[in-house]
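Structure first, then comments.
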2 protein chains.
Amino acid sequence: MKSLSIKDIAVKANVSITTVSFIINGKAKEKSISEAVIEKVEKIIAESGYKPNQIARSLRTGNSNIIGLIIEDISNSFFSRIARLIEDKAYKRGYKIIYSSTENSVDKAKELINMFKSRKVDAYIISPIKGIEEDIQMLLDDGNPVILFDRNLPDLNVSYVGADHFNASYQSIQNFIDQGKKNIALVTTDINVEQIIERFEGYRKALEDNGITYNDELVVKVHFNQDEQTTINQVKDLFNSKNIDAVLFATNYLAIGGLKALKQINKKIDDDFAVIAYDDHEAFELHTPSISAVQQPLEEIAETIIKLILSQLASKSKSPVDQVIIPARLVIRD
Amino acid sequence: MKSLSIKDIAVKANVSITTVSFIINGKAKEKSISEAVIEKVEKIIAESGYKPNQIARSLRTGNSNIIGLIIEDISNSFFSRIARLIEDKAYKRGYKIIYSSTENSVDKAKELINMFKSRKVDAYIISPIKGIEEDIQMLLDDGNPVILFDRNLPDLNVSYVGADHFNASYQSIQNFIDQGKKNIALVTTDINVEQIIERFEGYRKALEDNGITYNDELVVKVHFNQDEQTTINQVKDLFNSKNIDAVLFATNYLAIGGLKALKQINKKIDDDFAVIAYDDHEAFELHTPSISAVQQPLEEIAETIIKLILSQLASKSKSPVDQVIIPARLVIRD
DNA sequence: CTGAAAGCGCTTACAG
DNA sequence: CTGAAAGCGCTTACAG
């Protein structure tokens, strides 16, 4: 069953394709099409259920009304919640989202960028990894709107939206110290991305500013993508071998694994031992006791991303570069 | 900066567009293009970084290599995990995913189907709601591959993949009864979708088969989309007014809200009071005590969906209708 | 007030 | 072994 084309409508209405096109695109008034013709054509369109072929429209106009979203992993709740907000806001402005997960692979990320490029997406929202700087630079050189989020690529002159990871991490550690903690551990990952590095630097700086010597042995860097059981074992080893009175988990999935480890070795979270997770998660409020967490302002991040995209889309000229850093919020529970 | 077209490559290589097209599409041998020409053209393509315009290709060939995914809400962990698996498997077969969330709105669902239609997606994966039967029937009439998942539309003769919600619910209740529970509550939602109805029927039938009278007052149906606090209050009311020794939460977000309510009224989960959540969630294993859950076989569901899609895409003729029901697994914790 | 025609970047049947 | 040309379904500058 072939679907209807603009030609079919034109024939049925006994007018030209041009006229139908003008009506579809709301240019009827501007082109002074007569009321009678407008009504006739609109009636036929409504009755037939005709939908313009967006592919043809894209080929002709050069834009697709699709925004490409490249993230690490859609099943990670931080990304899925951001994706939801972005989708919603984009949708309201007439844009659809194509997403794809990179799994932190440089090759896959490059492939995805190429794929989106050949699909002529109108804009790119990317949570990037190191190693794709060149590819992003090419997108910029070609005049594409590009917004990085969550993590920045400092070598690039590109728009970026993200939380203030350094300060949020710093405040978390300061909070521990204010409670009198001295042996503060950090469980983080070994991926070399901006936001993880900033969280580490916030940790280190807060210790330093409070006169506490940084101790390498209190920092565990787990491999990205390793299975949870391995992470759990590493955390157990850490707590079994060291005397620790507070720990910051640098991501929510690390915190989930870490809490399981603490449960298994029966390490109680109480006045003598404090925990903060970076990025909130539904499990934390529910946990006994409740777990404090750094909340990134997802709504604000998503809104800012979309605003920047739209303004870049609007300005046909060289896109302005905006770097927006949004404060994160430390939520202390219990 | 305009990107390169096939014509630019043809000019540079001093051959025709046709020849370049054959080479790009791997038909060089078949069309007996000479080795020398193939090499020359491939070299130029590689050097120039030329990527064929997929929009033009789609317009010409009529397919897009894009699969449309319509779900309730990407930020719900059940859907985001399924989305991740589907994306991954589709990607390996050369397909990309466009997704959109319906938020259980019939209007939005209809809009999304139209949007995907005008984008000429090659296939549709839909977690449907009642009220869009006609729209789906139109897709089927037009010969589009359509797979429903999670929830079925029984009035339609369409392929479907989902867990055996009835039996999983039945077994959960049977498990309670085997432990000697008598006053078994169900917290569910008021959305009129197949999988929620089946979970309810499983509950009711298990009670009946065990000679326990169904009691309307032990069933709470919360409004879809209401805020969590309202749900929490309803659950509190239920437990404050009734004597209950077991509860099945029909979705994982209801369980999250419900567990918060139980915590607030200090209702302990122990030998005298049992809880099962439908759909697992990271919070449940971590909870004190751990919460039992029905696990849907996500991997198998995603794999089956993709297999059906591919087989429908392959068979140019009338697509076969397969309804695949996959057993779910009750994981008892503690 | 309306239409004929070019062109977006491809694929492919046909011709040689 | 290779190419000219039609056509996918639109939009839009130009003409009348």
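Chain letters run A, B, ... following the sequence lines, proteins first and then strands; every chain starts at 1.
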(Q) At 4.0 Å (heavy atoms only), tell me whether A:K27 reaches a base, stays on the sugar-phosphate, or touches nothing. (A) sugar-phosphate
Q. What distance separates B:I125 CD1 from B:I70 CD1, expressed to the nearest 0.5 Å?
A. 10.5 Å
Q) Please give, in whole Å, the distance from C:dC14 P to B:F22 CZ? A) 13 Å
Q) Distance check: side-chain N/O of A:N25 vs OP1/OP2 of D:dT11, anything under 4.0 Å? A) yes
Q. Going through the distances and angles, do B:E47 and B:K43 end up as a salt bridge (charged side-chain N to carboxylate O under 4.0 Å, His left out)?
A. CA-CA 6 Å; B:E47 280 169 0; B:K43 189 152 167 282; 3.5 Å; yes
Q) Can you check the B:I6 CD1 to C:dG7 C1' distance for me, whole Å? A) 16 Å
Q: State whether A:S58 places a side-chain N or O below 4.0 Å from either non-bridging phosphate oxygen (OP1 or OP2) of D:dC10.
A: no
Q | Phosphate OP1/OP2 of D:dC10: any A:Y50 side-chain N/O under 4.0 Å | A | yes
Q) Could you state the CZ-P distance from B:R60 to C:dA13, rounded to the nearest angstrom? A) 8 Å
Q) At their closest point, which heavy atom of B:I33 faces which heavy atom of B:I38, and how far apart are they? A) O-CD1, 3.6 Å
**Q.** Identity of whatever pairs with C:dC14 - Watson-Crick or G-U, under 3.5 angstrom
**A.** D:dG3
Q: Determine whether the aromatic ring centres of A:Y99 and B:Y99 lie less than 6.0 Å apart.
A: yes
Q) Looking across every strand, which nucleic acid part, if any, lies under 4.0 Å from B:R57 by heavy atom: base, sugar-phosphate, or nothing? A) sugar-phosphate
**Q.** Whole-Å gap separating C1' (D:dC8) and CD (A:Q54)
**A.** 15 Å
(Q) Please report the distance, rounded to the nearest Å, between CD1 in B:I23 and C1' in D:dG3. (A) 13 Å
Q | Distance, rounded to the nearest Å, where B:I33 contributes CD1 and D:dG3 contributes P | A | 8 Å
(Q) If I take atom CD1 in residue A:I9 and atom P in nucleotide D:dT11, what distance separates them, rounded to the nearest angstrom? (A) 13 Å
(Q) Ring-plane angle category for A:F116 and A:Y124, please: parallel below 30°, perpendicular beyond 60°, tilted otherwise. (A) tilted
**Q.** Derivation of the salt bridge (charged side-chain N to carboxylate O under 4.0 Å, His left out) call for A:K40 and A:E35
**A.** CA-CA 9 Å; A:K40 180 172 63 173; A:E35 267 307 327; over 6 Å; no
Q. Going by atom types only, do B:D141 and B:Q137 share a side-chain donor-acceptor pair under 3.5 Å?
A. yes
Q: Please list, by residue number, the residues of residues 11-18 of chain A whose heavy atoms come closer than 4.0 Å to an atom of DNA chain D; answer none if no residue qualifies.
A: A:I17, A:T18
Q) Roughly, in whole Å, what's the span from NZ in B:K7 to P in C:dT11? A) 16 Å
(Q) Which is more 5' along DNA chain D, the nucleotide nearest B:T19 or the one nearest A:L59? Just name the residue. (A) B:T19
Q. Reckon B:S21 touches a base, only the sugar-phosphate, or nothing at all at heavy-atom distances under 4.0 Å?
A. base
